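Single-structure report; data block below.
Keep in mind the model is a prediction, meaning the values are calculated, not measured.
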Amino acid sequence: MGIRVGIDLGTTFSAVARIDPGTGKPVVIKNSFGAAITPSVLCFRQDGSVLFGEDAKNMQAVGDPNAVAFFKRSMGKDMFSVDILGKSYDATDLSAILLRELKEEAQRQTGETIEGAVITVPAYFTHKERSATIEAGRRAGLEVIAIINEPTAAAFAYGLTERAEEQTVLIYDLGGGTFDVTLARINRKEIRILGSDGNHELGGKDWDDCIARYLAGEFLESYGVDLTEDPEMVASLLVTAESVKKQLTSRDQVSVPIAYQGIRGTVEITEEIFESISQFLLGTTKDVTQRLLESVEMTWAQVDGVILVGGSTRMRMIRDYVTEMCGKPPLGGVNVDEAVALGAAIRANITEKGEAVPALGGLFGRRKGGGLLIQGAKAVSDVTAHSLGMISISPDGEEYINSVIIRKNTQIPAANTKPFHLRTRSKGNELEVYVLQGEFRRPLDNTILHKYVISKIQRTDPPNSVIEVTYQYTADGVVQVSARQKETGKTLPVKVEPVPEDMSWTDLSPREHQGGGKAPAVDVVLAIDLSGSMCGDPTRKAIAAMQDFVDQMDEDTARIGIVAFADQVREVLPLTGDFGRVRQVISGLAEVDVGVCNEAQPFTAAYGMLRKRESDVRYIVVLTDGCWSNISYAVDAAERCHRSEMEVMALGFGSADYDFLKKIASTDDFAALTDLSQLGSTFSKIAQAIGEGSAGLSVL
């Protein structure tokens, strides 16, 4: 039996924590140097060994070209790799090596085997970065119990204080390479995350870079030597800058000695200068924080306090900003370096409901009367920091857009199912879906996760099939896609494929680009009989029923056109995805004059509207209340539509003839008689039948 640990896998420092088996309290496992945190640095040696932590950081400080750091920022990025001693490593490879070293050192320090771990990630990490973190853990030989957002882990650690009253807190997490801000409601039993935002390419390293640039600039001005031209000197300067940043948390001025090529100089930097050269970075965190408050419709007045997490929050400018905005100093009781690892250790040893899992490697502290006690244990509900969407076509058919499926700050796990209408062939039926993370309308402004290819779709009769695609955020914030064919009830295989390098077609109009994306799934022409017998109440009831029909159609995937007929035929509205316009035109149908008798038929006009195959499925829905004068002419025109794979639904009432309706409908099931009082519910069933691609109107 072994223990479960929490691992704070940081950009600049990492930490491992466990539950003390005697007290039930989370504690950090100190490294071989007796420190709670370990530098997230690796250094590869010629003999094949790898240094990590302090040893590797020392090599980095002297400019060893085989030392590598800050790779967490590149997690999940396909284009990132470093070549060291003839071998290429991506961020997942490097993180796996670091995790393995952290695990093995923790085992040496405790004398126990680590059976499983909860690994922390920035709340703003996307699916790709989370998946890469899980993969790194597995490669390191860890059972990854879960991954948890760093601010959520910090909330667990803050909960160790067991305050009686409920508090709404803002967790301001500025680590070495990432920034997150999260709002949480914490009480004695639960941590409920209200919302998160962040920037995973902003962190303490950026403040270090500001200092390094300043030092190099001052040295150049004083001595005429550009330190930035020497890579080894740049590496040394960055290590110096980190030290200067830490000194300025308690000192107003630091003298920095710099020796290079026989020149020994000193550069003075003050806290005031430091704040001036990095003010733009602080401004970015302000913008992100304000964006979060606005997204959850809260103000600073509704925040009870701020928890600071991450070593970079020790900077005076951060604490001053928080105090100014919140109106009170940051909340105490949290060690900014250890909180995330401590919270992860708690989460590793409880269920999502806050109940202790069976103890590994010893019994935890017991409650009076029996039962296990883990200090800080609470139920937790987290949210997703990114909306989940797919590349779709705008309602007007003019552009590709991000159609959001699960919105940002939705509680996870979360799932949503969307139907895709597919006209099946005898073989080779596949459906391609591009999934996005982000809130922007333009697809390329978001992260395109993958291309998901759904295959083994069976031919259906009629060939209009509904593929139900389910998009899911797991409790880890990882995206999963599954699919089911409605007609067969069978789960379909979903293959994940890389996103093509050229996705520029998403910036084209769908009308220009025929090779990518999906056309509108359904085109529907509503053909309404406006002969004399329809005057008055029948027309009013028909208008109301058609409005209900529009309300039940999917504006993202359907276009609707309207034809009126009697003695004449008029195309009242061409096909459009602007449902507001559709409703407006329907409301005015009583004013449309096409005569009083039934000399005309709507099929020729509808055929002209639908003949350009721009959709997967095309429907003509005919509403009539009487007999037509030229039946054979109408039937011939309807059959032309049938041959062109346009489905005709014929709905009659009043004196309509059922045998005639069956002749013009695509199948007998697509013909139905109803009465005026049932017109609304009948049209609703038609909308459902079209939306689901069902075999007919037998439900009527």
Next on the checklist: Under the side-chain hydrogen bond (donor to acceptor under 3.5 Å, both in side chains) definition, can you give me all pairs with a residue in residues 331-345, not counting sequence neighbours?
Outcome noted: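 Applying side-chain hydrogen bond (donor to acceptor under 3.5 Å, both in side chains) to every pair that reaches into residues 331-345, excluding sequence neighbours, yields Arg314-Asp337.
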Are [X] and [Y] within salt-bridge range, i.e. N to O under 4.0 Å?
| X | Y | result |
| --- | --- | --- |
| Asp208 | Lys246 | no |
| Glu115 | Arg18 | no |
| Asp287 | Arg291 | no |

What's the spacing between [X] [atom1] and [Y] [atom2] if we round to 0.5 Å?
| X | Y | atom1 | atom2 | result |
| --- | --- | --- | --- | --- |
| Ser32 | Glu105 | OG | CD | 4.0 Å |
| Asn416 | Ile405 | CG | CD1 | 7.0 Å |
| Asn349 | Ile19 | CG | CD1 | 5.0 Å |
| Gln485 | Leu492 | CD | CG | 6.0 Å |

Does a side chain donor of either [X] or [Y] reach within less than 3.5 Å of an acceptor in the other side chain?
| X | Y | answer |
| --- | --- | --- |
| Ser81 | Asp90 | no |
| Glu468 | Thr417 | no |
| Gln480 | Tyr471 | no |
| Thr152 | Asp382 | yes |
| Thr285 | Tyr172 | yes |
| Thr178 | Thr11 | no |
| Thr474 | Asp476 | no |

Side-chain ([X]) to main-chain ([Y]) donor-acceptor, under 3.5 angstrom:
| X | Y | answer |
| --- | --- | --- |
| Thr133 | Glu129 | yes |
| Ser295 | Leu292 | yes |
| Ser131 | Lys128 | no |
| Arg4 | Ala117 | no |
| Asp180 | Asp173 | no |
| Arg347 | Ile350 | yes |
| Ser74 | Phe80 | no |
| Glu112 | Gly2 | no |
| Asp20 | Gly24 | no |
| Thr447 | Leu449 | no |

Next on the checklist: Between Glu232 and Ser236, does the side chain to side chain donor-acceptor pair (under 3.5 Å) criterion hold? Intermediate values first, please.
Outcome noted: CA-CA 6 Å; Glu232 292 186 10; Ser236 176; over 6 Å; no
Item to check | Candidate pair Asn149 and Arg130, rule side chain to side chain donor-acceptor pair (under 3.5 Å), full reasoning | outcome: CA-CA 10 Å; Asn149 292 338; Arg130 292 169 185 270; 2.8 Å; yes
Other residues, nucleotides, ligands: >12 heavy atoms within 6.0 Å of [X] [atom1]:
| X | atom1 | value |
| --- | --- | --- |
| Arg45 | CZ | no |
| Arg407 | CZ | no |
| Glu497 | CD | yes |

Which pair of heavy atoms, one from [X] and one from [Y], lies closest together, and at what distance?
| X | Y | value |
| --- | --- | --- |
| Leu98 | Ser14 | CD2-OG, 4.0 Å |
| Ser387 | Lys408 | OG-N, 2.9 Å |
| Gly343 | Phe156 | CA-CB, 3.7 Å |
| Cys210 | Leu281 | SG-CD1, 3.7 Å |
| Ser381 | Glu190 | OG-OE2, 4.0 Å |

Do [X] and [Y] come close enough that some side-chain heavy atom pair is under 4.5 Å?
| X | Y | value |
| --- | --- | --- |
| Leu388 | Val404 | no |
| Leu99 | Leu9 | yes |
| Val383 | Thr410 | no |
| Phe179 | Val288 | yes |
| Lys245 | Met315 | yes |
| Asn409 | Leu194 | no |
| Leu342 | Val28 | yes |
| Ile457 | Phe420 | no |

Next on the checklist: Under the rule for side chain to side chain contact (heavy atoms under 4.5 Å, CB included), what residues qualify as partners of Glu201, not counting sequence neighbours?
Outcome noted: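 Lys77, Asn199.
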Checklist entry - Residues two or more places apart in sequence or in another chain: which of them pass salt bridge (Lys or Arg N to Asp or Glu O under 4.0 Å) with Asp445? => result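 Listed in chain order: Arg442.
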Checklist entry - Does the side chain to side chain contact (heavy atoms under 4.5 Å, CB included) test come out yes or no for Val453 and Val494, once each step is laid out? => result CA-CA 6 Å; Val453 180; Val494 179; over 6 Å; no
Next on the checklist: Run the salt bridge (charged side-chain N to carboxylate O under 4.0 Å, His left out) test on Lys205 and Asp209 for me, step by step, so that the C-alpha distance in whole Å, both residues' side-chain angles and the decisive distance to 0.1 Å come before the verdict.
Outcome noted: CA-CA 6 Å; Lys205 178 185 182 299; Asp209 290 346; 3.1 Å; yes
Next on the checklist: side chain to side chain contact (heavy atoms under 4.5 Å, CB included) for Trp207 and Leu248? Distances and angles first, verdict last.
Outcome noted: CA-CA 12 Å; Trp207 273 264; Leu248 286 173; over 6 Å; no
Checklist entry - Given Leu436 and Ile391, is the side chain to side chain contact (heavy atoms under 4.5 Å, CB included) satisfied, shown in steps? => result CA-CA 7 Å; Leu436 308 172; Ile391 297 179; 3.9 Å; yes
Side-chain donor/acceptor pairs under 3.5 Å, residues 57-65, sequence neighbours excluded:
from  : atom 1 : to     : atom 2 : distance (Å)
Lys57 : NZ     : Glu242 : OE1    : 3.0
Asn58 : ND2    : Glu54  : O      : 3.2
Asp64 : OD1    : Asn66  : N      : 2.8

Checklist entry - If you look only at pairs with a residue in residues 21-62, which of them pass as a ring-ring contact (aromatic ring centres under 6.0 Å, His included), with sequence neighbours excluded? => result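 Qualifying pairs, neighbours excluded: Phe44-Tyr89.
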Checklist entry - With sequence neighbours left out, which residue pairs that include part of residues 121-141 fulfil the ring-ring contact (aromatic ring centres under 6.0 Å, His included) condition? => result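 Checked against ring-ring contact (aromatic ring centres under 6.0 Å, His included) - neighbours excluded - the pairs reaching residues 121-141 are Tyr124-His386, Phe125-His200, His127-His450.
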Checklist entry - Checking side chain to side chain contact (heavy atoms under 4.5 Å, CB included) for the pair Val41/Phe13: CA distance, chi angles, key distance, verdict? => result CA-CA 8 Å; Val41 185; Phe13 289 93; over 6 Å; no
